Amino acid sequence: MLPASSTTYKPLNPFQRPRRLRRTATLRRMVRENTLTVDDLIYPMFVTEGEAQKVEIASMPGCYRYSLDLLLKEIAEVFELGINAMPTAVNYALFPVIPENKKDDTATQSYNPEGLVQQTVKAIKQAIPEIVVIADVALDPFTTHGHDGLVDEKGTILNDPTVEVLIKMALSQAAAGADFVAPSDMMDGRVGAIRKALDTEGYINVGILAYSAKYASAYYGPFRDALDSAPKFGDKKTYQMDAANAREALKEIELDIAEGADIIMVKPALAYLDIICQVKEATNLPVAAYNVSGEYAMIKAAAQMGWIDEKQVILESLTSMKRAGADLILTYFAKQVALMLI
Ligand code: PBG
């Protein structure tokens with residue numbers, strides 16, 4: 001029941017009544033500041049060896065490890081969604097699931113010209129050349145110890161020797177036809193070294209999407225399940241950033257830009273919206289945000305429990321990343337969102 005005062009009220013007559021612009025759905029759309037579109041999305045996908053494999057990742061319901069044949073089918077289907085909305089709108093980042101017997105201490109499979117990533121990139125570009133394919137550059141899917149770099153006998157992650165392997169990896173991905181290589185390893189100097197090597201080998205048009213401000217985050221847990229790539233000892237805190245730091249993120253992006261990055265990325269996204277915002281103000285390059293596996297898993301789990309409205313929470317989360325300043329969002333929700341937006 002309305003309080004008595006609401007029938008006998010005296011108008012406040014404020015000069016501004018912000019609610020005027022919220023009155024109807026049409027009005028709200030008219031003054032909406034940020035809109036999520038299929039163009040913003042990059043779909044990270046997991047590829048595994050073999051044929052006719054599509055295995056759901058337990059901690060990432062709705063995400064699968066695909067063998068190449070089924071991955072190509074899925075990509076063609078998702079690409080159609082993009083075409084209906086906007087051509088070539090949903091693009092792909094690739095992660096390989098490497099069997100234990102092909103892992104070693106020095107990640108030799110990472111730069112095998114006939115390796116899983118290289119074959120997959122080749123096949124995707126052959127099937128649908130317009131797709132933008134982004135290949136991740138880091139050693140962790142390929143090392144027995146699960147670290148992103150080479151490790152000495154004391155357990156120290158070696159920076160410069162790792163960069164030499166990353167260069168070989170990036171070159172092999174470029175040779176396979178990747179549009180972008182995406183160093184996610186956080187070694188110092190790797191963007192410049194990879195740029196130089198790409199240029200020297202004639203891959204002047206292969207871009208670098210740099211994981212510039214990549215934090216040592218507990219939100220990567222489900223991804224490491226997907227790849228069986230959790231570090232066997234220690235953690236990644238000597239190379240990935242401390243969650244408490246913001247200025248350091250600006251230092252990292254400054255370095256990556258100076259070293260030749262084309263797109264810079266902040267990762268994770270949701271707990272780091274302030275970083276996305278500051279990075280956006282600090283650069284005119286496109287800014288990407290990685291809506292990581294743990295962010296995905298939290299929404300899926302709460303939705304499965306019936307505790308949140310899955311669709312609305314997904315849209316709200318991704319829109320918050322755009323509002324913070326992200327031009328691009330890597331998200332496991334890409335297909336689901338594309339279906340919502342069409
Ligand atoms: C590999 C890599 C990781 C992610 C992307 N590339 C894992 C890690 O750094 O441990 C995480 C992605 C996600 O959690 O969705 N270096």
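When a residue number appears, it is its place in the shown sequence, counting from 1. Nothing here was measured: the structure is a model prediction, and the numbers come from that model. Just so you know, ligand 1 is whichever comes first in the structure, and atom 1 is the first atom listed for that ligand.
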K.L.:
Side chain, backbone, both or neither: which part of Ala138 comes within less than 4.0 Å of ligand 1 when only heavy atoms are counted?
P.N.:
side chain
K.L.:
Using a 4.0 Å cut-off to any heavy atom of Tyr332, which atoms of ligand 1 qualify?
P.N.:
12 (C), 13 (C), 15 (O)
K.L.:
Determine, for Lys73 against Asp69, whether the closest basic-nitrogen to carboxylate-oxygen distance falls under 4.0 angstrom.
P.N.:
no
K.L.:
Check the angle between the aromatic planes of Tyr211 and Tyr290 and answer parallel, tilted or perpendicular using the 30° and 60° thresholds.
P.N.:
tilted
K.L.:
Is there side-chain contact between Val151 and Phe233, with at least one heavy-atom pair below 4.5 Å?
P.N.:
yes
K.L.:
With a 4.0 Å cut-off on heavy atoms, is Tyr296 touching ligand 1?
P.N.:
no
K.L.:
I'd like to know if Glu295 contacts ligand 1, where contact means a heavy-atom distance under 4.0 Å to any ligand atom.
P.N.:
no
K.L.:
So which bit of Phe95 gets within less than 4.0 Å of ligand 1, heavy atoms only: side chain, backbone, both or neither?
P.N.:
side chain
K.L.:
Determine whether the aromatic ring centres of residues Tyr64 and Phe46 are separated by less than 6.0 angstrom.
P.N.:
no
K.L.:
So, are Lys102 and Glu49 salt-bridged, with charged N and O less than 4.0 Å apart?
P.N.:
yes
K.L.:
Between Met340 and Lys311, is any pair of side-chain heavy atoms under 4.5 Å apart?
P.N.:
yes
K.L.:
As an exercise, identify every atom of ligand 1 less than 4.0 angstrom from a heavy atom of Tyr290.
P.N.:
12 (C), 15 (O)
K.L.:
Can you tell whether the side chains of Glu77 and Lys335 come within less than 4.0 Å, N to carboxylate O?
P.N.:
yes
K.L.:
Could you tell me whether Asp185 and ligand 1 have an N or O pair separated by under 3.5 Å?
P.N.:
no
K.L.:
Short list, please: which atoms of ligand 1 are under 4.0 Å from a heavy atom of Lys267?
P.N.:
2 (C), 3 (C), 4 (C), 5 (C), 6 (N), 11 (C), 12 (C)
K.L.:
Who are the side chain to side chain donor-acceptor pair (under 3.5 Å) partners of Gln118, not counting sequence neighbours?
P.N.:
Ser172
K.L.:
Compute both the distance and the angle, then confirm whether Lys267 meets the cation-pi test with Tyr220: under 6.0 Å from the six-membered ring centre, within 45 degrees of the axis.
P.N.:
yes
K.L.:
Using a 4.0 Å heavy-atom cut-off, which part of Val292 comes near ligand 1: side chain, backbone, both, or neither?
P.N.:
both
K.L.:
Any idea which atoms of ligand 1 are less than 4.0 Å away from a heavy-atom of Gln240?
P.N.:
8 (C), 9 (O)
K.L.:
Identify the closest protein heavy atom to atom 1 (C) of ligand 1: which residue and atom is it, and at what distance?
P.N.:
Asp140 OD2, 2.9 Å
K.L.:
Taking only heavy atoms of Ser184, which atoms of ligand 1 are found under 4.0 Å from at least one of them?
P.N.:
1 (C), 2 (C), 6 (N), 16 (N)
K.L.:
Which atoms of ligand 1 sit under 4.0 Å from any heavy atom of Arg224?
P.N.:
8 (C), 10 (O)
K.L.:
Could you tell me, atom by atom, which parts of ligand 1 come under 4.0 Å of a heavy atom of Asp136?
P.N.:
1 (C), 6 (N)
K.L.:
May I ask you to identify the nearest protein heavy atom to atom 8 (C) of ligand 1, giving residue, atom name and distance to one decimal place in Å?
P.N.:
Lys236 NZ, 3.3 Å
K.L.:
Among all protein heavy atoms, pick the one closest to atom 9 (O) of ligand 1 and tell me residue, atom and distance.
P.N.:
Lys214 NZ, 2.6 Å
K.L.:
Identify whether the distance between the nearest side-chain nitrogen and carboxylate oxygen of Asp327 and Lys280 falls below 4.0 Å.
P.N.:
yes
K.L.:
Report the nearest protein non-hydrogen atom to atom 14 (O) of ligand 1: residue, atom name, distance rounded to 0.1 Å.
P.N.:
Ser293 OG, 2.7 Å
K.L.:
Are Tyr43 and Phe333 close enough that their ring centers fall under 6.0 Å?
P.N.:
no
